[in-house]
Colleague: 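Handing you a structure now.
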Amino acid sequence: MRKNIVAGNWKMNNTLQEGLELAEELNGALEGKEINCDVVICTPYIHLAPVCATIDTDLIGVGAENCADHLSGAYTGEISAPMIASTGAQYVILGHSERRAYYGETNATLKTKTELALANDLTPIFCVGEVLEERENGTFFDVVKTQLEEALFGFSAEDFAKIVIAYEPVWAIGTGKTASPAQAQEIHAFIRKTIADKYGKEIADGISILYGGSCNASNAKELFANADVDGGLIGGAALKVETFMPIIEAFN
Ligand code: PGA
C-alpha cells in the first residue's frame with residue numbers, strides 16, 4: 001500500500017557546511033525514534049554527495065530539487081538525472097511552481113525530465129497546483145488535471161506507479177496561508193480519482209499524494225489525517241530540525 005512521506009525542500013538555502021550540519025542533526029534526531037513515515041530531504045545539488053556519504057540513507061532519503069531535460073552533453077550549468085543518481089540520491093522534485101514560474105518549465109519539458117528521472121531510478125516528486133486566481137475562479141480542478149495529463153499520463157502504468165505527487169497550491173507556498181484540511185482533501189481526492197480514471201483504482205490507491213504550502217507543526221496533523229493526504233512537501237519548516245521533526249512526528 002501507499003507510503004506516508006514527509007519531504008523537505010531546502011530550495012536555495014544553506015551553504016555546503018550549513019547543509020551538512022542540518023542533515024547530520026536531523027539524522028541524530030531520527031536515530032532510534034519510532035517514525036511512521038518515510039523522511040526525505042531535497043537539497044541543492046552541491047549537498048547531495050556529501051549528505052549521502054554522511055547520513056544513514058536508510059533513515060533519510062535524499063533528493064535533488066530539479067534535473068536537466070537532457071541526458072548529457074553541451075548544456076553548460078545543467079545537472080543530469082544520471083549525475084544525481086551517482087551521488088546516491090534516490091529522489092528528485094520536478095515541476096515545482098518556482099521552476100514553472102521563474103524558469104519557464106512547461107508540462108512538455110517536465111514530461112522529458114520525468115522520463116529521464118525514471119530511467120535513472122530516481123523517484124520523481126512531481127508538483128502540481130494552481131495559482132490564487134485559479135483557486136478563486138474555480139478552474140483549479142482543470143488546471144491540476146491538465147498538469148497531470150500533459151506531463152504524466154503518457155507513461156505506462158508501471159512507470160506511473162513509481163511517481164510521488166505533491167499538490168502545492170501556489171498561493172500557499174511560503175505565504176503562511178495553508179489550504180484547509182477540507183480543501184486539501186477535496187483536491188487530493190480529485191487527483192486520486194483522475195489517476196484512477198486513467199490507470200485504474202489499484203494504481204491510484206498506491207500513489208502517495210503529498211500536500212505542500214506553509215505546512216508546519218501546528219497544521220500537519222490535521223492535514224495528514226485526511227484519507228487522501230499521504231504526507232507533505234515542506235519548504236521553510238524543513239530548514240530547522242526543531243520545526244521539521246514535529247511534522248514528521250505528526251504521523252505518530
Ligand atoms: P513552504 O514551501 O513550506 O515554505 O510553503 C513548500 C514548497 O514550496 O515546497
Colleague: Has Glu242 got more than 12 heavy atoms of other residues, nucleotides or ligands less than 6.0 Å from its CD?
Modeller: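 Yes, CD of Glu242 has more than 12 neighbouring heavy atoms, counting only those of other groups under 6.0 Å.
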
Colleague: Please list all pairs meeting salt bridge (charged side-chain N to carboxylate O under 4.0 Å, His left out) that have one or both residues in residues 150-171, counting only residues at least two apart or in different chains.
Modeller: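 Every pair satisfying salt bridge (charged side-chain N to carboxylate O under 4.0 Å, His left out) with a residue in residues 150-171: Asp159-Lys162.
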
Colleague: Quick one: which residue pairs count as a ring pair (Phe, Tyr, Trp, His ring centres under 6.0 Å) with a foot in residues 1-28, not counting sequence neighbours?
Modeller: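 Only Trp10-His47 qualify under ring pair (Phe, Tyr, Trp, His ring centres under 6.0 Å).
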
Colleague: Between Ser214 and Thr175, which heavy-atom pair has the shortest distance, and what is it?
Modeller: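 Scanning both residues, the minimum pair turns out to be OG-N, 3.4 Å.
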
Colleague: Linking Ile, Leu, Val, Met, Phe, Trp and Tyr through side-chain heavy atoms less than 4.5 Å apart, which residues share a cluster with Tyr103?
Modeller: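 Result for Tyr103 is Tyr102.
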
Colleague: Could you grab the distance from atom CG of Asn107 to atom CG of Leu148, nearest 0.5 Å is fine?
Modeller: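 CG of Leu148 is found 9.0 Å from CG of Asn107.
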
Colleague: Provide the closest heavy-atom pair for Ala172 versus Thr178 in the form atom of the first, atom of the second, distance.
Modeller: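 Scanning both residues, the minimum pair turns out to be CB-CA, 4.3 Å.
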
Colleague: Can you name the salt bridge (Lys or Arg N to Asp or Glu O under 4.0 Å) partners of Asp197, sequence neighbours left out?
Modeller: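 Result, salt bridge (Lys or Arg N to Asp or Glu O under 4.0 Å) vs Asp197: Lys193.
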
Colleague: Check the pair Glu105, Arg100 against salt bridge (Lys or Arg N to Asp or Glu O under 4.0 Å), reporting the backbone distance first and the verdict last.
Modeller: CA-CA 4 Å; Glu105 296 198 1; Arg100 292 178 190 260; over 6 Å; no

Colleague: What pairs with Glu115 under side-chain contact (heavy atoms from CB on, under 4.5 Å), at least two apart in sequence or on another chain?
Modeller: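 With neighbours one apart ignored, the set is Lys111, Phe155.
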
Colleague: Let me see the working for Leu59 and Val39 under side chain to side chain contact (heavy atoms under 4.5 Å, CB included), right down to the final yes or no.
Modeller: CA-CA 7 Å; Leu59 209 55; Val39 178; over 6 Å; no

Colleague: Would you say that Glu186 contacts Phe141 through its side chain, given a criterion of any heavy-atom pair below 4.5 Å between the two side chains?
Modeller: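 When only atoms from C-beta onward are counted, Phe141 and Glu186 do touch, with a gap below 4.5 Å.
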
Colleague: Could you list all the salt bridge (charged side-chain N to carboxylate O under 4.0 Å, His left out) pairs where at least one residue sits in residues 56-82, not counting sequence neighbours?
Modeller: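 The answer is none; no pair qualifies.
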
Colleague: Among residues at least two apart in sequence or on other chains, which ones pass salt bridge (Lys or Arg N to Asp or Glu O under 4.0 Å) with Lys33?
Modeller: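 Salt bridge (Lys or Arg N to Asp or Glu O under 4.0 Å) list for Lys33, sorted by chain: Glu249.
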
Colleague: Can you check whether Tyr211 and Phe224 have ring centres sitting under 6.0 Å from each other?
Modeller: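 No - the distance between ring centres of Tyr211 and Phe224 does not fall below the 6.0 Å cut-off.
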
Colleague: Over 60° means perpendicular and under 30° means parallel, so tell me whether His70 and Tyr75 are parallel, tilted or perpendicular.
Modeller: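 Correct class here is parallel.
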
Colleague: What pair of heavy atoms forms the shortest contact from Ala161 to Ile203, and how long is it?
Modeller: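 Reported closest heavy-atom pair: CB-CD1, 4.1 Å.
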
Colleague: Tell me the closest heavy-atom pair linking Ile173 and Ser97, and the distance in Å.
Modeller: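 Closest approach of Ile173 to Ser97, heavy atoms only: CD1-OG, 3.3 Å.
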
Colleague: What pairs with Glu222 under side-chain contact (heavy atoms from CB on, under 4.5 Å), at least two apart in sequence or on another chain?
Modeller: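 Here the qualifying residues are Pro181.
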
Colleague: If you link ILVMFWY side chains whenever their heavy atoms are less than 4.5 Å apart, which other residues fall into the same cluster as Val164? By chain and number, please.
Modeller: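 Cluster partners of Val164: Ile5, Val40, Tyr91, Ile93, Ile125, Leu210, Leu233.
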
Colleague: What are the two closest non-hydrogen atoms of Ala23 and Ile41, and how far apart are they?
Modeller: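 Where Ala23 meets Ile41 most closely, the heavy atoms are CB-CD1, 3.9 Å.
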
Colleague: For Ala189, check side-chain contact (heavy atoms from CB on, under 4.5 Å) against everything at least two apart and list the hits.
Modeller: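 If we apply the side-chain contact (heavy atoms from CB on, under 4.5 Å) test to Ala189, skipping adjacent residues, the hits are Gln185, Asp228.
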
Colleague: When you compare the side chains of Thr106 and Thr109, does any donor N or O come within less than 3.5 Å of an acceptor on the partner?
Modeller: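 Note: Thr106 and Thr109 side chains meet the donor-acceptor criterion.
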
Colleague: Sorted by first residue and then second, give each salt bridge (charged side-chain N to carboxylate O under 4.0 Å, His left out) pair with at least one member in residues 7-26; sequence neighbours left out.
Modeller: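 Residue pairs passing salt bridge (charged side-chain N to carboxylate O under 4.0 Å, His left out), neighbours aside: Lys11-Glu98.
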
Colleague: Using only heavy-atom distances, determine whether the side chains of Trp171 and Glu133 contain a donor-acceptor pair under 3.5 Å.
Modeller: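 Distance-only check fails for Trp171 and Glu133.
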
Colleague: How many angstroms lie between atom CG of Leu20 and atom OG1 of Thr15, to the nearest 0.5 angstrom?
Modeller: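 If I round to the nearest 0.5 Å, the distance is 8.5 Å.
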
Colleague: Excluding sequence neighbours, so at least two apart, what forms side-chain contact (heavy atoms from CB on, under 4.5 Å) with Ser80?
Modeller: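 For Ser80, the residues satisfying side-chain contact (heavy atoms from CB on, under 4.5 Å) (neighbours in sequence not counted) are Pro82, Met83.
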
